[in-house]
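Model, not experiment: these values are computed from the prediction.
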Amino acid sequence: MHTTRLRRIKDHLLAENQCSDMATPQASPLTTHVLNTAEGVPGARMALSLHRLDSHLAVWNLLTTGTTDDDGRCPGLIAREAFIPGMYKLRFETGQYFEGLGQTCFYPYVEVVFTITDPSQKFHLPLLLSRFSYSTYRGS
């Protein structure tokens, strides 16, 4: 039992500092946190992707994909050197997330579009959701 408990603590600590397929958290000026407000739990293991708009071609370019950790966080979205002024989109795969919980939802995905004019700042984009609603804001 003691070994299992220590392993679980270790896994939680490692998960806090990792987000699959993403840049290192220390270098990222953009973070997110998904909260399932209906259940009062983090939005754990939700797939997401980050895109930047090519303003000349008017198309979205995929920058990276990943999955939230057990705490609903994905801190390493983009490296500082890749974070330039422009229009970005974070896409959260909410339908897959709720399907994994054995539930249906109204929104199959949520896309949050935002503009970065000063990439030297830190940006935090939380997503608060339930099966039938969502809300987001610029956090710090």
Do Thr67 side-chain atoms and Ala47 backbone N/O form a donor-acceptor pair below 3.5 Å?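 Flag not set: sc Thr67 to bb Ala47 has no pair under 3.5 Å.
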Side-chain (Thr68) to main-chain (Cys74) donor-acceptor, under 3.5 angstrom: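 Checking the backbone N and O of Cys74 against the side chain of Thr68, no donor-acceptor pair under 3.5 Å is found.
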Between Val110 and Val113, is there a shared hydrophobic cluster once you connect ILVMFWY residues whose side-chain heavy atoms come closer than 4.5 Å?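 Val110 and Val113: separate clusters.
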Would you give the length of the straight line joining atom [atom1] of [X] to atom [atom2] of [Y], rounded to the nearest 0.5 angstrom?
{"X": "Ile116", "Y": "Leu30", "atom1": "CD1", "atom2": "CG", "value": "6.5 Å"}
{"X": "Thr94", "Y": "Leu48", "atom1": "OG1", "atom2": "CG", "value": "11.5 Å"}
{"X": "Phe123", "Y": "Tyr88", "atom1": "CZ", "atom2": "OH", "value": "9.5 Å"}
{"X": "Leu101", "Y": "Met46", "atom1": "CG", "atom2": "CE", "value": "8.5 Å"}
{"X": "His51", "Y": "Leu63", "atom1": "NE2", "atom2": "CG", "value": "8.0 Å"}

Those residues that, when tested against Glu39, pass salt bridge (charged side-chain N to carboxylate O under 4.0 Å, His left out) (two or more places apart):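 Glu39: no salt bridge (charged side-chain N to carboxylate O under 4.0 Å, His left out) contacts found.
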Test of understanding: with salt bridge (charged side-chain N to carboxylate O under 4.0 Å, His left out), list the residues that count as partners of Arg52, not counting sequence neighbours.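 In terms of salt bridge (charged side-chain N to carboxylate O under 4.0 Å, His left out), with neighbours along the sequence ignored, Arg52 is linked to no residue.
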What pair of heavy atoms forms the shortest contact from [X] to [Y], and how long is it?
{"X": "Val112", "Y": "Phe114", "result": "O-CD2, 3.6 Å"}
{"X": "Leu62", "Y": "Thr64", "result": "CD1-O, 3.5 Å"}
{"X": "Pro75", "Y": "Arg73", "result": "CD-C, 3.8 Å"}
{"X": "Gly95", "Y": "Cys105", "result": "CA-SG, 3.7 Å"}

Not counting sequence neighbours, which residues clear side-chain hydrogen bond (donor to acceptor under 3.5 Å, both in side chains) with Ser120? List them please.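 Checked Ser120 against side-chain hydrogen bond (donor to acceptor under 3.5 Å, both in side chains); matches are Asp118.
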Got a sec, which residues hit side-chain hydrogen bond (donor to acceptor under 3.5 Å, both in side chains) with Arg45, two or more places apart in sequence or on another chain?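 Only Asp70 meet the side-chain hydrogen bond (donor to acceptor under 3.5 Å, both in side chains) criterion with Arg45.
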Side-chain donor-acceptor pairs under 3.5 Å in residues 76-83, sequence neighbours left out?
from  : atom 1 : to     : atom 2 : distance (Å)
Arg80 : NH1    : Pro119 : O      : 2.7

Using the test side-chain contact (heavy atoms from CB on, under 4.5 Å), find all partners of [X] that sit at least two apart in sequence or belong to another chain.
{"X": "Asn61", "value": "Asp54, Val59"}
{"X": "Ala38", "value": "Asn36, Ser130"}
{"X": "Leu53", "value": "Trp60, Met87"}
{"X": "Tyr109", "value": "Arg91, Glu93, Glu111"}

With side chain to side chain donor-acceptor pair (under 3.5 Å) as the criterion, how do Thr31 and His124 come out once you've worked through the C-alpha distance, each side chain's angles and the decisive distance to 0.1 Å? CA-CA 5 Å; Thr31 56; His124 183 63; 2.6 Å; yes
Results of ring pair (Phe, Tyr, Trp, His ring centres under 6.0 Å) for Tyr107 - residues two or more places apart only: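 Checked Tyr107 against ring pair (Phe, Tyr, Trp, His ring centres under 6.0 Å); matches are Tyr134.
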Neighbour count >12 (heavy atoms, 6.0 Å) for atom CD, Glu99: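 Atom CD in Glu99 is not crowded, with 12 or fewer foreign heavy atoms closer than 6.0 Å.
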Pair listing, salt bridge (charged side-chain N to carboxylate O under 4.0 Å, His left out) test, anchored in residues 130-140, at least two apart: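 The answer is none; no pair qualifies.
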Would you say Thr117 and Pro85 make side-chain contact, with heavy atoms under 4.5 Å?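 Counting from C-beta outward, Thr117 and Pro85 never come under 4.5 Å.
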Can you confirm whether Val34 sits close enough to Phe92 that some side-chain heavy atom of one is under 4.5 Å from a side-chain heavy atom of the other?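 Yes - at least one pair of side-chain heavy atoms lies under 4.5 Å apart.
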In the hydrophobic clustering that connects Ile, Leu, Val, Met, Phe, Trp and Tyr at side-chain heavy-atom distances below 4.5 Å, which members other than Leu35 occupy its cluster, ordered by chain and number?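 Besides Leu35, the cluster holds Leu128, Tyr137.
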